[in-house]
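Read the structure below first, then the notes.
This structure is a prediction, so every number in the text was calculated from the model and none was measured. As a basis for the values below, the full set of heavy atoms in this structure was taken, side chains included, without hydrogen atoms, waters or symmetry mates.
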Amino acid sequence: MTPDPDGSSEPRPDASDPVFGSPGTAHTVPEDVLGLLSGTFTASLGLHLLQASGAVTGGTAGVALLLGYATALPFWALFAIVNLPFAVIALWKKGLDFTVRTALSIGLVSAFSVLHNLAFPISQIDPIYGTFAGNLLAGIGLLILFRHRASLGGITIIALIVQERWGFRAGWVQMIFDVAIIVAALWVVPWQLVLLSAAGAVLLSLVLAFNHRPGRYVGH
């Protein structure tokens with residue numbers, strides 16, 4: 001490991017690092033496939049716990065959960081529909097490769113949501129556990145997707161664009177939007193769950209802000 005030239009105490013991997021390898025090493029196709037499957041499965045499982053808890057979160061997933069509570073429509077369909085307008089933004093700003101990966105990720109989350117409802121029905125769950133565990137899993141899933149040049153659409157696309165263009169961390173951008181979504185939940189969800197949801201959304205944003213920094217991850 002070589003020291004960071006900007007004076008930071010945090011080491012930077014060099015080309016001979018046996019764990020991280022060369023900063024120019026790209027993911028292979030099988031690695032990308034497994035990354036997309038792992039990321040979407042983990043994120044969708046987190047959303048499954050949130051839905052079982054009656055809680056919400058930020059991003060378009062939070063919007064889909066809110067609409068589901070208000071209309072009783074299935075989450076998998078709402079999640080896909082809510083993300084459709086952002087596909088244009090992704091194609092315009094991030095290119096075809098990112099857009100295709102993101103579209104596949106959105107479809108996989110919707111599909112896994114159906115699978116979780118069939119294979120892992122939850123009749124009762126502690127809302128505190130479900131909210132924090134759900135947001136933690138969703139955050140981990142998003143991290144995996146970010147590192148394989150994908151996202152779950154919506155606000156995360158905007159957050160990544162802001163980070164790449166202006167250096168403002170994606171996690172903080174996500175948190176700003178999430179606050180607005182959580183406040184809107186007061187019209188649909190009991191205030192106690194809204195407060196719990198807000199704390200969970202902060203946890204998700206912190207996971208992204210502390211782990212997805214420009215230049216930190218050497219794979220691409």
Under 6.0 Å from the CD1 atom of Ile128, do we count more than 12 heavy atoms belonging to anything else shown? no
State, yes or no, whether a side-chain contact exists between Ile182 and Ser197 at a heavy-atom distance under 4.5 Å. yes
Looking only at side chains, do Ser113 and His48 share a donor and an acceptor under 3.5 Å apart? no
Test your reading of the model: is there a side-chain donor-acceptor pair from Ser44 to the backbone of Val109, 3.5 Å cut-off? no
What pair of heavy atoms forms the shortest contact from Leu36 to Thr40, and how long is it? O-OG1, 2.7 Å
Do Val56 and Tyr69 touch side chain to side chain, with heavy atoms closer than 4.5 Å? yes
Pairwise distance CG(Leu45) to CG(Leu50) - rounded to 0.5 angstrom: 10.0 Å
In the single-linkage hydrophobic clustering (I, L, V, M, F, W, Y; side-chain heavy atoms under 4.5 Å), do Leu65 and Leu195 co-cluster? yes
How long is the gap from CG on Asp126 to CZ on Phe132, to the nearest 0.5 Å? 10.5 Å
Do you know the tightest heavy-atom contact between His148 and Arg101? O-NH1, 3.0 Å
Do you reckon Leu91 sits in the same ILVMFWY cluster as Phe86, going by side-chain contacts under 4.5 Å, direct or chained? no
Which heavy atom of Leu145 sits nearest a heavy atom of Ser105, and at what distance? CD2-OG, 3.7 Å
Heavy-atom side-chain contact between Trp172 and Leu206 under 4.5 Å: yes
Only one of Phe79, Phe41, Phe120 passes ring-ring contact (aromatic ring centres under 6.0 Å, His included) with Phe112; say which it is. Phe41
Would you indicate whether the side-chain heavy atoms of Glu31 and Leu34 approach each other to under 4.5 Å? no
Among Val202, Leu204, Leu47, which one satisfies side-chain contact (heavy atoms from CB on, under 4.5 Å) with Asn135? Leu204
Less than 4.5 Å apart, any side-chain heavy atom of Tyr129 and any of Ile125? yes
All heavy atoms of Thr131 vs all of Ser53, minimum pair found to be N-OG, 3.8 Å
Nearest 0.5 Å, please: how far is CG in Leu104 from CG in Leu37? 9.5 Å
Transitively linked via ILVMFWY side-chain contacts under 4.5 Å: Val63 with Trp187? yes
Side-chain heavy atoms under 4.5 angstrom apart, residues restricted to Ile, Leu, Val, Met, Phe, Trp, Tyr: same cluster for Leu115 and Val33? yes
Walk me through it: do Leu208 and Phe146 pass the test side chain to side chain contact (heavy atoms under 4.5 Å, CB included)? CA-CA 10 Å; Leu208 298 181; Phe146 287 175; 4.0 Å; yes
Among the clusters formed by ILVMFWY side chains lying less than 4.5 Å apart, do Leu49 and Trp76 turn up in the same one? no
Are any of the side-chain heavy atoms of Leu152 and Asn83 separated by less than 4.5 Å? no
When you compare the side chain of Arg147 with that of Asn211, does any pair of heavy atoms fall below 4.5 Å? yes
Can you name the nearest heavy-atom pair linking Ala61 to Phe75, along with the distance? O-CE1, 3.8 Å
Can you give me the closest heavy-atom contact between Ser38 and Thr42, atom names plus distance? O-OG1, 2.8 Å
Point-to-point distance, once rounded to the nearest 0.5 Å, from OG1 of Thr71 to CG of Leu66: 10.5 Å
Between atom CG of Leu73 and atom CG of Leu78, what is the distance when rounded to the nearest 0.5 Å? 5.0 Å
Could you state the interatomic distance from CD1 (Ile122) to CG (Asn117), rounded to the nearest 0.5 Å? 9.0 Å
